[in-house]
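Keep in mind that the numbers below use all heavy atoms, side chains included, and drop hydrogens, waters and symmetry copies.
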Amino acid sequence: MLSGDSAKVMAFFSSGSRALVEILTRMQSAERPMPVDHTFFEFGSIRYHVEASASDPDNAYLSISTPSLSHEASPSSSGLPEFTLQETRKMYQKFAEIIEPPKEGYVLTLKLNFSGLTRPKDRIKAINQISVLQSVVLSSQLKGMLVSLGASGTMKLVYNQREPFFVSKTPAGKINAVFPMRFRDDTDLAIATSFFQELQDLGNSFAKAPKCSWSPIPPPELRGEYVRHLTTNGGFVSFGVFSRHVRGKRAAKTAWILLNFQSYVKYHIKCTRSSIQSRMRERLETLTEAIQNARLRGTDDKRKLQGDEVEEEDEEEQPPTCFRCVPY
């Protein structure tokens with residue numbers, strides 16, 4: 001069952017790099033030019049390198065290394081498809097240019113120059129745009145693959161080596177994203193199954209939302225794929241993607257959601273398990289407190305009963321106090 005907490009989980013999968021925003025903002029706000037040579041990783045396999053020198057304060061160099069979405073896509077000499085390079089140029093043409101060849105060990109290098117952006121808010125906007133560079137690269141790759149599918153076809157995506165998924169295109173132009181789901185134990189499987197069923201019911205209740213389906217068997221578009229890719233214990237989740245979802249600015253958001261769907265499901269399961277365990281602990285504490293209170297009340301009642309019995313015995317042993325028994 002979806003809760004308020006799980007509805008906010010996707011906020012943790014923001015496509016923007018907070019570390020990149022912090023580094024570039026610190027460079028722009030520095031009182032005097034400072035040299036920078038910083039390398040950091042995000043999401044395990046994404047590597048960034050930021051470089052700047054005090055002698056050339058207007059220019060900074062940003063390099064990124066990210067795995068290709070598919071080995072079937074034909075890369076250019078720089079390591080990225082030409083379609084991806086074109087989309088990147090279009091996105092950052094006002095304040096960045098692509099350096100070819102890229103820095104060794106990276107698939108893309110940009111030379112950043114914010115000197116033409118005189119207003120502070122324009123620089124902030126540019127830095128935020130740069131922070132989603134990985135999302136731009138991945139979404140443009142996805143768009144290029146959908147174009148390469150032609151009228152119909154299916155392609156495997158390997159954003160996460162252990163959890164590939166598929167995009168397919170039907171002759172009618174419909175695009176589907178299919179996720180084989182695998183889980184480590186029965187508890188995770190039970191939580192995920194409940195989540196998929198609710199996602200399917202809730203998503204299909206809105207006319208403009210992408211259609212969602214869940215099935216224990218592979219959908220027809222995956223016929224012919226290797227058995228090892230279709231062996232699951234959690235079935236297959238499919239989303240119908242409308243053509244408007246892969247056009248313009250929506251393309252980057254759509255790609256990011258699809259690429260992180262499996263990670264989102266795992267995070268949802270982790271949060272659900274934690275919530276269940278927390279509620280069980282609270283329930284246990286409540287029951288323990290009730291039992292202890294009952295024991296204390298029982299002890300008090302027993303002591304009171306014993307006290308009443310003692311008083312009754314004392315009253316029976318006491319001689320009568322009538323005037324006949326009083327000595328003269």
Side-chain angles (χ1 to χ4, degrees), residues 2 9-10 13 15 43 67-73 135 138-184 188-206 208-247 250-269:
L2 286 172
V9 168
M10 212 60 187
F13 294 94
S15 58
F43 300 101
S68 176
L69 287 183
S70 175
H71 299 300
E72 301 173 30
S135 179
L138 295 176
S139 64
S140 60
Q141 288 187 47
L142 181 57
K143 287 170 62 177
M145 292 174 195
L146 294 175
V147 172
S148 67
L149 287 176
S152 62
T154 301
M155 183 176 292
K156 183 185 70 173
L157 302 187
V158 289
Y159 178 63
N160 187 328
Q161 292 292 339
R162 295 182 179 180
E163 299 175 333
F165 69 100
F166 301 85
V167 290
S168 66
K169 198 173 184 181
T170 65
K174 182 181 178 182
I175 301 170
N176 289 323
V178 184
F179 298 88
M181 306 304 299
R182 303 174 181 86
F183 303 98
R184 62 181 183 179
D188 288 359
L189 179 59
I191 296 173
T193 300
S194 176
F195 173 68
F196 295 151
Q197 290 173 341
E198 185 170 355
L199 184 64
Q200 178 178 253
D201 297 339
L202 185 62
N204 294 340
S205 63
F206 297 93
K208 295 185 178 180
K211 298 301 179 182
C212 173
S213 62
W214 174 76
S215 172
I217 62 175
E221 54 264 36
L222 296 189
R223 291 173 182 171
E225 294 293 334
Y226 290 109
V227 175
R228 66 177 182 273
H229 296 152
L230 305 181
T231 303
T232 71
N233 62 349
F236 298 81
V237 179
S238 301
F239 291 97
V241 181
F242 298 148
S243 57
R244 67 173 182 270
H245 293 146
V246 291
R247 287 200 302 259
R250 290 185 176 181
K253 185 176 181 180
T254 300
W256 191 253
I257 291 174
L258 293 177
L259 295 173
N260 288 280
F261 174 73
Q262 289 159 314
S263 297
Y264 169 73
V265 172
K266 289 187 175 181
Y267 196 86
H268 170 80
I269 291 173

Sequence-distant partners of Phe239, ring pair (Phe, Tyr, Trp, His ring centres under 6.0 Å), two or more places apart: Phe261
To the nearest 0.5 Å, what is the distance between [atom1] on [X] and [atom2] on [Y]?
X	Y	atom1	atom2	answer
Thr232	Leu189	OG1	CG	9.0 Å
Ile269	Tyr264	CD1	OH	11.0 Å
Ser215	Gln200	OG	CD	9.0 Å
Trp214	Leu199	CH2	CG	12.0 Å

Residue pairs passing the salt bridge (charged side-chain N to carboxylate O under 4.0 Å, His left out) test where at least one lies in residues 254-269, sequence neighbours excluded: Glu163-Lys266
Testing the basics here: between [X] and [Y], what is the closest heavy-atom pair and its distance to 0.1 Å?
X	Y	answer
Gln262	Pro164	NE2-O, 3.9 Å
Leu230	Phe236	O-CZ, 3.4 Å
Leu259	Phe165	CD2-CZ, 3.7 Å

Partners meeting side-chain hydrogen bond (donor to acceptor under 3.5 Å, both in side chains) with Ser238 (sequence neighbours left out): none
Let me check something: any side-chain donor-acceptor pairs from residues 175-184 under 3.5 Å, sequence neighbours excluded? List them with distances.
residue	atom	partner	partner atom	Å
Asn176	ND2	Glu221	OE2	3.4
Arg182	NE	Thr231	O	2.9
Arg182	NH2	His229	O	2.9
Arg184	NE	Asp188	OD2	3.2

